[in-house]
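What follows is a short report on a single structure.
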Amino acid sequence: MKFAFAIFVLATRASAKMSRLRRSNDNTPKKQALKGDEYFRDLEEETPLFSLSMSYAETKMSTGTESKKSQKRVKCNKDSLKRMPINRDDFGEPDWETIIELAFPPFSTPANGCPRLDQVGGSYEASYTMFPVPEAGKWNPCYYTKAFAGLDPMKGGYPTPLDTHYQYEFPAPFFGQPGDGSVHHCDGADGFNQDIGACPKLGQCPGTKDCATITDDYGIGHIPPFVPLAAVKNAYGTCGSKDICKNWFHFETSGCNIQKSVLDKLVYEYFGDGDTIKFQPPILLDGEPSSTYFRLEYGGEQPACTDGICRGPHYCSADVEGQPIWGDFCPYVHTGENSGKYRHPHLALAALELWIANQCMPDKCASEWLLSPNGEDYAADPKTSTSISWCEMKDEYDPISQPKVPYQWSTVGGIFPGLLDLYSGDCTSKDAPGKFVTEFARPTGVNCRG
């Protein structure tokens, strides 16, 4: 059968015998708290002596004290790249909000802040009902669902990992099947109401959580974006070396993205363990950042996780329990002061790559993603977009809605995009850009247009 698109995944043929570099997951360092001042100071300004890749314990040993004030300070070399912007209130981690908003400038936030509910699946709080007004060329600051990812930013979404050229996504093709374009490869054997979250991902270690295999066929298998994000952050350090420009980028083949061969080496350096990649979840462990810590996921907040069901950074209402509902259909954090503040780690990685590329190739890589080669032709047509077909929701016009119970896929009508919105013709295939794994999924063979 000839399908509408011919962009299939190309086996990477990366050798599983990658050189064993100096760190495995078990000793990947935790991050110290750094003292910072204003962001983006002149390169001659003082910066911390200890780079982001040093652990707080290592810093304590080097200084002989836990006091941040006692840390010695040095200047960034005049030949180095810009100083990494630091969030002093987040364990000295990079200021991801600043980095992301440089690449994806936001709409104006409502005066009282983003909308919020009184509990998971509850009602809007009286003073938090106003959504931001969309602005051309900008992005949604109050983000609750990836239903609109891959579509026009005016609809409230952001680029998908496919759009940002994320190297370790290995998505399913767009065959009109449940989980189309996601990392879950559903064969459609259980019909349209198949549990997408139960479908396999490519290259996962059998029986081991937070682990991916390295194979001859695909190289490093699927890993969440917070893993290479941590590797690039560590390798850049406080002040990036000028060698980064020469070694990380090759515009003719990789545009404003870091070359995959370089990213492979960085990921293995910090997370490689034999023929696998092992990593920690992006959370605080015993009150300290894990090796992949990324605060903007806002997962596991209380009492939200008591009121509902937490599935990663998604907050599902209690009635979802026992339903074959993929957690990704549930909204991100939507209660309390962090409501609407979730941001995808693949966006942080895309923004960090572009921030570095703009320093190295300012004439070729604009600082804003939409104006750079990376964002060229983004969301030109929903029928060729990388947006995932959504399920039916309790309120088809509320972006903070919960999935409808009983579960029904795909949705028809309302603001959430379904098969009819995202496919042309008979919904058996779609000409979406990107590299896809076609080994597992198969066309449904159903004419969604009757």
Side-chain angles (χ1 to χ4, degrees), residues 30-31 33-34 36 39 52 84-107 109 113-116 120 132 138-149 153 156-161 163-164 166 168-169 210 223-234 236 279-285 287-302 304-305 310-315 327-328 330-356 368-369 399-400:
K30 295 176 181 176
K31 310 301 173 290
L34 300 177
Y39 308 129
L52 293 172
M84 182 78 76
I86 297 300
N87 185 342
R88 289 172 288 178
D89 297 323
D90 188 29
F91 300 92
E93 289 286 309
D95 185 351
W96 294 121
E97 291 96 336
T98 293
I99 294 171
I100 291 173
E101 290 182 5
L102 284 171
F104 302 96
F107 312 152
T109 304
C114 291
R116 64 177 71 168
V120 173
K138 295 187 177 182
W139 306 84
N140 186 9
C142 300
Y143 185 74
Y144 303 98
T145 173
K146 68 177 184 182
F148 313 108
Y158 283 83
T160 68
D163 296 318
T164 62
Y166 178 57
Y168 308 107
E169 188 75 349
D210 301 329
I223 51 176
F226 52 72
V227 177
L229 177 64
V232 173
K233 172 193 71 175
N234 290 342
Y236 188 94
F279 50 91
Q280 297 172 331
I283 60 176
L284 295 177
L285 298 175
E288 292 189 33
S290 72
S291 59
T292 63
Y293 173 65
F294 182 69
R295 178 176 56 85
L296 299 187
E297 286 216 336
Y298 293 111
E301 292 200 337
Q302 296 295 343
C305 285
C310 284
R311 296 183 175 178
H314 299 270
Y315 293 81
D328 285 36
C330 300
Y332 297 109
V333 59
H334 55 276
T335 60
E337 62 182 13
N338 293 325
S339 179
K341 294 182 180 179
Y342 172 89
R343 296 295 182 268
H344 290 284
H346 77 264
L347 294 178
L349 177 61
L352 181 58
E353 286 184 276
L354 190 57
W355 179 68
I356 301 170
E368 292 187 23
W369 189 83
I400 315 183

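Every value quoted in this text rests on a predicted model; they were computed, and no experiment measured them.
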Worksheet entry | Set of salt bridge (charged side-chain N to carboxylate O under 4.0 Å, His left out) partners for Asp163, sequence neighbours left out | none

Worksheet item: Checking ring pair (Phe, Tyr, Trp, His ring centres under 6.0 Å) for the pair Trp369/Tyr158: CA distance, chi angles, key distance, verdict?
Response: CA-CA 11 Å; Trp369 189 83; Tyr158 283 83; 9.8 Å; no

Worksheet entry | Donor-acceptor pair, side chain of Thr145 and main chain of Pro331, under 3.5 angstrom | no

Worksheet item: For His346, what residues pass the ring pair (Phe, Tyr, Trp, His ring centres under 6.0 Å) criterion, not counting sequence neighbours?
Response: His344

Worksheet item: Using the ring of each side chain (for Trp, its six-membered ring), is Tyr315 parallel, tilted or perpendicular to His334, with breaks at 30° and 60°?
Response: perpendicular

Worksheet item: Taking only residues two or more places apart in sequence or in another chain, which ones pass salt bridge (charged side-chain N to carboxylate O under 4.0 Å, His left out) with Arg295?
Response: Asp90, Glu97

Worksheet item: Hey, does the side chain of Ser290 reach the backbone of Pro281 with a donor-acceptor pair shorter than 3.5 angstrom?
Response: yes

Worksheet item: Do Tyr332 and Tyr143 have ring centroids that are under 6.0 Å from one another?
Response: yes

Fill in: Nearest-0.5 Å distance, CD1 of residue Ile86 to OG1 of residue Thr98
10.5 Å

Fill in: Results of side chain to side chain contact (heavy atoms under 4.5 Å, CB included) for Pro141 - residues two or more places apart only
Pro106, Phe107, Thr109, Pro132, Arg343

Practice prompt. For Lys341, enumerate each residue passing the salt bridge (charged side-chain N to carboxylate O under 4.0 Å, His left out) test, keeping only those at least two apart in sequence or located in another chain.
Written response: none

Practice prompt. Tell me, please, which residues at least two apart from Asn338 pass side-chain hydrogen bond (donor to acceptor under 3.5 Å, both in side chains).
Written response: Glu301

Item to complete: Only counting residues at least two apart or in another chain, list the ones meeting side chain to side chain contact (heavy atoms under 4.5 Å, CB included) with Glu337.
Response: Arg116

Discussion item. Among residues at least two apart in sequence or on other chains, which ones pass ring pair (Phe, Tyr, Trp, His ring centres under 6.0 Å) with Phe226?
Written reply: none

Worksheet item: Does any N or O in the side chain of Gln280 come within less than 3.5 Å of the main-chain N or O of Ser291, such that one atom is a donor and the other an acceptor?
Response: yes

Practice prompt. For Glu169, enumerate each residue passing the side chain to side chain contact (heavy atoms under 4.5 Å, CB included) test, keeping only those at least two apart in sequence or located in another chain.
Written response: Pro161, Tyr166, Pro171, Val183, His222

Worksheet item: At what distance, to the nearest 0.5 angstrom, does OG1 of Thr292 lie from CG of Asn234?
Response: 10.5 Å

Discussion item. Restricting to side-chain hydrogen bond (donor to acceptor under 3.5 Å, both in side chains), what partner residues turn up for Tyr144, sequence neighbours left out?
Written reply: none

